[in-house]
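Reviewing the structure listed below.
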Amino acid sequence: MNLNAFNALCLPPGATLHEALARLDATAQGILLVTDAQGRLLRTVTDGDLRRAALAGVSNEAPLSALPARPPHTVGLQASQRDVLALMDAQRIDHVPVVDAAGRAVDLVTRRELSQRVYLSSPHLGEDEVALVQEAFTSNWIAPLGPHVDAFERELAARVGVQHAAATSSGTAALHLGLRLLGVGPGDVVLCSSLTFVASANPIKQLGATPVFIDSEPQSWNLSPQALAVALAALQAEGITPKAAVVVNLYGQSAEMDDIAPLLERYGVPMLEDAAESLGATYRDRPSGSFGKLAVFSFNGNKIITTSGGGMLVSNDAALIEHARKLSTQAREPARHYEHIEDGYNYRLSNVLAGIGRGQLRVLEQRVQSRREVFAQYRDALSAVPGLRWMAEPDGHQSTRWLSAFVLAGGDGESPQARRDALLDFLERHNVEARPVWKPMHLQPLYAACRYFPHAPGQDVSRALFEGGVCLPSGSNMSAAQRARVCELVARGLELSWRSAA
């Protein structure tokens, strides 16, 4: 609830029982908070309290202070959703006030909202998936590979403007295959965006190569061409030519390919475009995933379209994709018996899941539009909130807004990270799933020893984005009421964040 709705629940101890009854009726929350002049919570009042007072013959004009004393059941600003629910169950109550360190009432959590979770990005099925899966069952094509896999590869390739595609069991599998196809192995150096999910970097390490991480630029939050230029020049001076560069398109938005692609080409470094989060996005009217020598997509359950779990490796190089298909089916040679001359993997997508993917692909444009509408509603509703800066959509970009993300500034003596954490705690207490922006790879203990090139000397953009960055629920199946609820909670949570940081 917003601040006005919360304030409407608060009454002074001198208010009459009649006034309390009228306020209970008007607010329809089933509870009121009795607070003193400093806002400290003295007790709660429910319909039951007023009913028992009437049965005891207490006058409607009597003040609330005349009711029998009853200490309120409360939690503090640091309480989790689990803490709140445990208190509700233990005391058999449906409302729990939240108080700050001074005992002032600042929030209210209801059992109803704890039964209505708002997810970060839940799967959104269309009308065709069931029929396509049923077709796989009817034809008995339920094992890996089959006609749906072939069709999904063709349809996805056409959708992103490339000639060839290989469906895989996950986006991570596609990344692993892509790096191997580019010849990455022990002793090699691979450039990689730092602000990303760990799956972008792990296959580099798993192939025995060394990642070198590149900072973000402030506008699109993606790989900084400025930092990339410094890194390439520094490595060349050391006699090192990176074997590949993993360029990540973050949160549904392409990197600045007009600057990045020529740089990599000049130094002879092939690009593996990590478009796991950006299916449906465009950069200067060209689809995301069509810029790299190879590119990958993810169809994990939280992506803009999903196959439950799956991925795709795409390229205009037919030989690379043919080799990818071989490697992803245990690298079996074309012989009557099982013949192997190189090691492979079990990385192919099943025909059943590919059927889901085909149905999902048919509604991609609608899913993109819905997520963009979620972002627009957030941006408009929260435009007056100070210290909040949305992930920009620079000229030439068409973002899917896979996740609506913003970064918080610090203020009043508190750090951006303190405000971020207080907001995330608040949202989770109200059963809304949100999360920080990715923790950069150069800050991860796993990669602490790796080299890192910042956007500019003394300007670590990705660190700042992580410290103050928040990703909000962005699902294409969110209702208008859910969107409005998130907007109210974000505004209220940021207003209260200073209390938690104090």
Side-chain angles (χ1 to χ4, degrees), residues 1-118 425-432 481-482 484-486 488-489 491-493 495-496 499-500:
M1 65 183 66
N2 60 32
L3 180 59
N4 289 336
F6 177 77
N7 287 339
L9 299 177
C10 299
L11 281 176
T16 67
L17 271 61
H18 177 75
E19 290 171 331
L21 184 62
R23 188 70 64 88
L24 274 171
D25 183 62
T27 55
Q29 289 292 330
I31 192 171
L32 296 176
L33 310 179
V34 181
T35 57
D36 65 14
Q38 287 73 44
R40 292 187 293 263
L41 182 63
L42 304 177
R43 64 163 298 148
T44 60
V45 174
T46 66
D47 290 303
D49 293 319
L50 298 182
R51 184 173 60 253
R52 284 185 289 272
L55 291 172
V58 179
S59 169
N60 278 346
E61 297 307 314
L64 292 173
S65 57
L67 294 176
R70 191 180 68 181
H73 300 292
T74 66
V75 296
L77 280 166
Q78 303 302 324
S80 67
Q81 180 190 138
R82 180 177 296 180
D83 296 332
V84 174
L85 189 57
L87 181 59
M88 286 180 173
D89 290 342
Q91 299 299 328
R92 298 184 180 180
I93 55 178
D94 295 326
H95 310 81
V96 171
V98 181
V99 297
D100 65 12
R104 294 172 295 195
V106 295
D107 191 20
L108 180 72
V109 184
T110 69
R111 187 182 292 274
R112 180 181 179 186
E113 63 187 330
L114 295 188
S115 68
Q116 299 175 343
R117 185 161 180 79
V118 179
D425 288 344
F426 177 87
L427 292 174
E428 183 59 32
R429 191 162 59 239
H430 286 274
N431 211 19
V432 171
Q482 287 177 318
R485 176 183 166 196
V486 172
E488 286 188 352
L489 288 171
R492 182 75 175 129
E495 179 193 4
L496 294 176
R499 297 184 190 272
S500 177

Quiz prompt | Basic-acidic side-chain contact under 4.0 Å: Arg485, Glu488 | solution = no

Self-check item: Shortest non-hydrogen contact from Leu77 toward Val106
Solution: CD2-CG2, 3.9 Å

Quiz item: Of the non-hydrogen atoms in Ser115 and Asn431, which two are nearest, and what is the gap between them?
Solution: N-ND2, 4.0 Å

Quiz item: Asp89: what forms a side chain to side chain donor-acceptor pair (under 3.5 Å) with it, not counting sequence neighbours?
Solution: Arg111

Quiz item: Can you check whether Asp100 reaches Leu496 side chain to side chain, under 4.5 Å on heavy atoms?
Solution: no

Self-check item: Residues that Arg23 engages under side-chain contact (heavy atoms from CB on, under 4.5 Å), provided they are two or more places apart
Solution: Leu11, Thr27, Leu32

Quiz item: Ignoring hydrogens and geometry, is there a side-chain-to-backbone donor-acceptor pair from His95 to Gln29 under 3.5 Å?
Solution: yes

Quiz item: What closest approach, in Å, do Leu108 and Phe6 show between heavy atoms, and which atom pair accounts for it?
Solution: N-CE1, 4.0 Å

Exercise. Any pair with a residue in residues 41-59 that passes salt bridge (charged side-chain N to carboxylate O under 4.0 Å, His left out), sequence neighbours left out, goes on the list, sorted by first then second residue, please.
Key: Arg43-Asp49, Asp49-Arg52, Asp49-Arg70

Exercise. Grab the two heavy atoms, one from Ala5 and one from Asn2, that are nearest each other, plus how far apart they are.
Key: N-OD1, 2.7 Å

Exercise. Spell out, as yes or no, whether a donor-acceptor pair under 3.5 Å connects the side chain of Asp83 to the backbone of Ser80.
Key: yes

Quiz prompt | Pro97 versus His73, closest heavy-atom pair with distance | solution = CD-O, 3.2 Å

Quiz item: About how many Å separate OG1 of Thr110 and CZ of Arg112, when rounded to the nearest 0.5 Å?
Solution: 7.5 Å

Self-check item: Arg429 side-chain N/O to Val84 backbone N/O, donor-acceptor pair under 3.5 Å
Solution: no

Self-check item: Close side-chain approach of His430 and Val109, heavy atoms under 4.5 Å
Solution: yes

Quiz item: Can you tell me how far CG of Leu9 sits from OG1 of Thr44, rounded to the nearest 0.5 angstrom?
Solution: 11.5 Å

Quiz item: Roughly how far, to the nearest 0.5 Å, is the OG1 atom of Thr16 from the CG atom of Leu21?
Solution: 9.5 Å

Quiz item: What are the two closest non-hydrogen atoms of Leu427 and Leu489, and how far apart are they?
Solution: CD2-CB, 3.7 Å

Quiz prompt | side chain to side chain donor-acceptor pair (under 3.5 Å) involving Glu428 - partner list, sequence neighbours excluded | solution = Gln81, Arg117

Could you list the donor-acceptor pairs under 3.5 angstrom formed between side-chain atoms of residues 55-64 and any protein atom two or more places apart in sequence or on another chain?
from  : atom 1 : to    : atom 2 : distance (Å)
Ser59 : OG     : Glu61 : N      : 3.1

Exercise. Could you tell me which residues satisfy side-chain contact (heavy atoms from CB on, under 4.5 Å) with Pro13, sequence neighbours excluded, listed by chain and number?
Key: Val34, Leu42, Ser65

Quiz item: Is any side-chain heavy atom of Gln78 less than 4.5 Å from a side-chain heavy atom of Asp425?
Solution: yes

